[in-house]
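The structure appears right after this line, and notes come after that.
In what follows, chains are A, B, ... by sequence order, proteins preceding strands, each numbered from 1. What you see below is based on every heavy atom in this structure, not just the backbone, and it leaves out hydrogens, waters and symmetry mates.
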Protein chains: 2
Amino acid sequence: MPRPTGRVLTLLELLQSGGTRTVAELADRLGVDGRTVRRYVDQLIDLDVPVESVRGRYGGYRLAPGYRLPPLMLSDDEALAVLLGLIAGRRTGLTTDRTASETASAKIRRVLPRHVARRLDTLLAALAFTDQPGEFDTPDAGVLLTIADAVRHLRPVSIRYTDREGRRSERTLHPYGVVAHAGRWYVTGEDAQLGEDRTFRLDRIDDARTLPGSFAAPAGPDPAQRVVSGFATAEYRHEVTLRIHGTVAQIRARLPETVASLEEHEPATERWRRVEVRAERLDWVPPVLAALDRPFVVERPDELRDLVVAFADRLTSSARGERGSAGRP
Amino acid sequence: MPRPTGRVLTLLELLQSGGTRTVAELADRLGVDGRTVRRYVDQLIDLDVPVESVRGRYGGYRLAPGYRLPPLMLSDDEALAVLLGLIAGRRTGLTTDRTASETASAKIRRVLPRHVARRLDTLLAALAFTDQPGEFDTPDAGVLLTIADAVRHLRPVSIRYTDREGRRSERTLHPYGVVAHAGRWYVTGEDAQLGEDRTFRLDRIDDARTLPGSFAAPAGPDPAQRVVSGFATAEYRHEVTLRIHGTVAQIRARLPETVASLEEHEPATERWRRVEVRAERLDWVPPVLAALDRPFVVERPDELRDLVVAFADRLTSSARGERGSAGRP
DNA sequence: AAATAGTGGACAGAATCGGTCCGGTATTAG
DNA sequence: CTAATACCGGACCGATTCTGTCCACTATTT
């Protein structure tokens, strides 16, 4: 029998896992009097948890949309579904805010009970995305969370950093933003000691902790993006240019932001759009194009045209039951 | 200046959003003494929140994996990413437990602040999944959550049900399981008054509430599945039989449980597997098969072979730049 | 009209809370 | 090896909060 704090939290959990519940039932489950349950409800409301009451017969308490999100109590299975979903979202490009997806993932992963973590690992191992483009290494959860939090609340952080030559240093940073680029995560911001903008690779940061106080929001349009734009002229083996007929959503479903850039004018109408893809390898492109199931034109490279034709031939052979030529190269 | 409950929750939030934090910092943020912070930490530990301490210089408190999942405090953006992820997971078939995915989604949706809900709706509307197979209607959040919770904890529920003829009735049910089938959600269980197994459509249940007490777990292998197997001989237009070479995960990535049944022996090895798909239409099958990028054989129907060949021809034409024949039918 | 359910004030004893003080232990830098 | 940094947790005690009880009131549904 926990303290009041615990009981209030248990009440929240009960409300979250069901529809409408009567005071009597809640009181029974919590082992307190009905009057106390009502007092707990008042407390939850004070905490901005949107508890709604329904009076009269078939009445009770239930949760409703509110002003801010209350703490969520998920079961193991639900947490697993959420993590898999976040991965799926990143892979399909449905996710619009990569950082939010990563931080959410990190928050859950960090407290995931071991037996659930094991299930997750098994599933992921079995997946073995050998043929998916643009899978990113996830950075250290603690560092990412601390810095993402600092960015949001404009708080300075102290980081321990190891540079390319293996030199360790401790710096105070005013972080502007966190960006994923080419499979790596970076934080950009002002080095408070040097007084100039710098970019650090997250995987080179051993430890990060927020410092008291806060800094002024940087002026100008999205400095994080500005700093990272230095990467824009990256070195990829293949530069693919396509024209695809469809809506932005249709195209993004298979070619997420991390791999393709796309004209996004009139996103909801079907029209021809120029799509540019940078890739180390081309072999994953034909199946993705096929899955799109939209009319397309390969502008370059010619090599890709041949790959698509070869891929289509394999499909035809399979369909005709010519098993000998059905295997992959 | 909230009550202790609120402060404990704030502490949890602080721990969840960052790496290691010292007592001093936490005390400062919470506006209480350091000793009190330590007492709060004790409380969190009592609540099964796995707070870990690191002693010595650079020490502090942080979260660690524990035995059960603590309440999660997500930001708006993170909640949005999670919901989109859950949808993506369902669409791609990465999700293994559909019910968990739905209940997680319902839990979040129900408390989602309106301004976030609006963002979500906008995104979803823009998506307009015209060409995806097997999109399910989501049932009423309250009813689904209540019943899923009752299934897990073996609690009887009282439901208000409207049957096919529009007759309303109130029943006491011992729910065995929740199943999604052919675009609808069902709960199966024993009707406590009648003493026999019944299946109810979730969308026909107006209200559900858990009753005190609990019932004995039903004997025998997965009664939910057994009852639903009555649906097995459903009336679909096309029965597709394929053989696909690959691991279960590879195949499930494009052919989720909701559309295909699959031999799951030796799931992690690449081998030929029989895959059965039931569908109203066949036109979505070729792109899905192509996206799989695995060797396959179409056993039946012959019509599908022709469709795949036609699809491959379209691909080839596109690749060769013959725009005239590149359009969809 | 009856039954079901939430609302909220008042009261008093019990329990909790939170600040202060303090001697202890673990870890790391130098 | 030592100093500095942090966590650890017992003891004490006044102030505050919590909880159960009792009760009259309102809203809904059948």
Side-chain angles (χ1 to χ4, degrees), chain A residues 1-11 14-15 18-47 50-64 158 160 168-170 206-207 209-212, chain B residues 1-11 14-15 18-47 50-64 158 160 162 167-170 206-207 209-212:
Chain A
M1 57 195 70
R3 303 161 198 286
T5 306
R7 267 173 269 145
V8 173
L9 239 49
T10 310
L11 171 60
L14 286 173
L15 289 175
T20 311
R21 291 188 135 95
T22 66
V23 168
E25 187 197 340
L26 295 168
D28 180 53
R29 294 260 203 127
L30 296 177
V32 295
D33 191 85
R35 182 68 238 260
T36 302
V37 169
R38 266 178 269 133
R39 284 193 267 246
Y40 285 172
V41 168
D42 290 345
Q43 279 205 46
L44 286 179
I45 289 171
D46 278 356
L47 293 171
V51 185
E52 208 177 59
S53 72
V54 182
R55 299 177 71 150
R57 209 173 177 186
Y58 297 111
Y61 287 114
R62 69 159 98 110
L63 289 186
S158 161
R160 289 199 286 169
R168 288 157 138 237
S169 58
E170 188 149 352
D206 303 309
D207 193 34
R209 51 177 62 220
T210 51
L211 299 173
Chain B
M1 62 209 73
R3 301 160 196 286
T5 308
R7 266 172 271 145
V8 171
L9 232 49
T10 310
L11 171 60
L14 286 172
L15 289 174
T20 310
R21 294 187 133 98
T22 66
V23 169
E25 187 197 340
L26 295 169
D28 181 51
R29 292 262 201 123
L30 296 178
V32 295
D33 191 83
R35 182 66 238 260
T36 301
V37 169
R38 265 177 271 134
R39 281 195 267 248
Y40 285 173
V41 168
D42 289 345
Q43 283 207 40
L44 285 179
I45 290 171
D46 278 356
L47 293 170
V51 184
E52 204 177 61
S53 71
V54 182
R55 299 177 71 149
R57 213 177 174 184
Y58 299 110
Y61 286 113
R62 69 159 95 109
L63 289 185
S158 161
R160 289 201 285 169
T162 310
R167 282 183 305 239
R168 287 156 138 239
S169 57
E170 187 148 353
D206 303 309
D207 193 33
R209 52 177 60 220
T210 51
L211 299 172

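- Residue A:Ile45 contributes atom CD1, which lies 13 Å from atom P of C:dG6 at whole-angstrom precision.
- Following rounding to the nearest Å, B:Asp42 (CG) and D:dG9 (P) show an atom-to-atom distance of 7 Å.
- Straight-line distance from the CG atom of B:Asp28 to the C1' atom of D:dA6: 16 Å, rounded to whole Å.
- Residue B:Asp207 contributes atom CG, which lies 12 Å from atom P of D:dT29 at whole-angstrom precision.
- Pairing each heavy atom of B:Tyr58 with each of A:Arg209, the nearest pair is O-NH2, 3.3 Å.
- Side-chain nitrogen and oxygen atoms of B:Tyr61 include none within less than 4.0 Å of the OP1 or OP2 phosphate oxygen of D:dA6.
- In this structure, A:Leu30 atom CG and D:dC18 atom P are separated by 15 Å, rounded to whole Å.
- Residue A:Glu52 is classed as having no contact, given no heavy-atom separation below 4.0 Å to the nucleic acid.
- For the helix from C:dA1-D:dT30 to C:dG30-D:dC1, the rotation axes defined at the first and last 5 base pairs enclose an angle of 70°, given to the nearest 10°.
- Nucleic acid contact class of A:Gly60 (heavy atoms, under 4.0 Å, all strands): sugar-phosphate only.
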Residues 20-33 of chain B side chain polar contacts: donor-acceptor under 3.5 Å, at least two apart:
from	atom 1	to	atom 2	distance (Å)
B:Arg21	NE	B:Glu25	OE2	3.2
B:Arg21	NH1	B:Leu14	O	2.9
B:Arg21	NH2	A:Thr210	OG1	3.1
B:Thr22	OG1	B:Glu25	N	3.1
B:Glu25	OE2	A:Thr210	OG1	3.0
B:Asp33	OD2	B:Arg35	N	2.9

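- Taking the charged nitrogens against the carboxylate oxygens, B:Arg62 and B:Glu52 do have a contact shorter than 4.0 Å, which makes a salt bridge.
- Look at CG on B:Asp206: it is 13 Å from P on D:dT29, rounded to the nearest Å.
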Checklist entry - Under the side-chain contact (heavy atoms from CB on, under 4.5 Å) criterion, do A:Leu9 and B:Val8 qualify, and how do the steps go? => result CA-CA 10 Å; A:Leu9 239 49; B:Val8 171; 5.8 Å; no
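- The separation between B:Asp46 atom CG and C:dC17 atom P is 11 Å, rounded to whole Å.
- Taking only side-chain nitrogens and oxygens, A:Gln43 never comes nearer than 4.0 Å to OP1 or OP2 of D:dT17.
- One finds the CG atom of B:Leu11 at 11.5 Å from the OG1 atom of B:Thr36 (value rounded to the nearest 0.5 Å).
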Next on the checklist: Counting primed atoms plus P, OP1 and OP2 as sugar-phosphate and everything else as base, spell out the protein contacts along nucleotides 21-30 of chain C at 4.0 Å heavy-atom distance: B, S or - for each nucleotide, 5' to 3'.
Outcome noted: ---BBBBSS-
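- Between B:Glu170 atom CD and B:Asp206 atom CG the span is 10.0 Å, to the nearest 0.5 Å.
- Comparing D:dC18, D:dC8, C:dG6 by their nearest atom to the side chain of A:Pro4 picks out D:dC18.
- Contact annotation: B:Ser53 side-chain N/O to D:dA6 OP1/OP2 distance is not under 4.0 Å.
- Put simply, CZ on B:Arg3 and CD on A:Gln43 are 5.0 Å apart, with the number rounded to the nearest 0.5 Å.
- Contact annotation: A:Thr22 does not reach the phosphate of C:dA5 (side-chain N/O to OP1 or OP2, under 4.0 Å).
- The side chain to side chain contact (heavy atoms under 4.5 Å, CB included) check on A:Ser53 picks up A:Tyr61, with sequence neighbours excluded.
- Scanning all heavy atoms of the two residues, the minimum distance from A:Ile45 to A:Val51 falls at CD1-O, 4.0 Å.
- The two residues B:Ala64 and B:Pro50 have their closest heavy-atom pair at O-CG, 2.7 Å.
- Annotation: salt bridge (charged side-chain N to carboxylate O under 4.0 Å, His left out) contacts of A:Asp42 (sequence neighbours excluded): none.
- Each of B:Arg21 and A:Tyr40 has a nearest nucleotide on DNA chain D; the 5'-most of these lies closest to B:Arg21.
- For B:Arg209 and B:Asp33, each mapped to the nucleotide of DNA chain C holding its nearest heavy atom, the one lying further toward the 5' end belongs to B:Arg209.
- Between A:Thr5 and B:Asp46, every side-chain heavy-atom pair lies at or beyond the 4.5 Å cut-off.
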Atom pairs under 3.5 Å: protein N/O with N/O of nucleotides 12-14 of chain D:
none

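- Look at CD on A:Glu170: it is 13 Å from P on D:dT5, rounded to the nearest Å.
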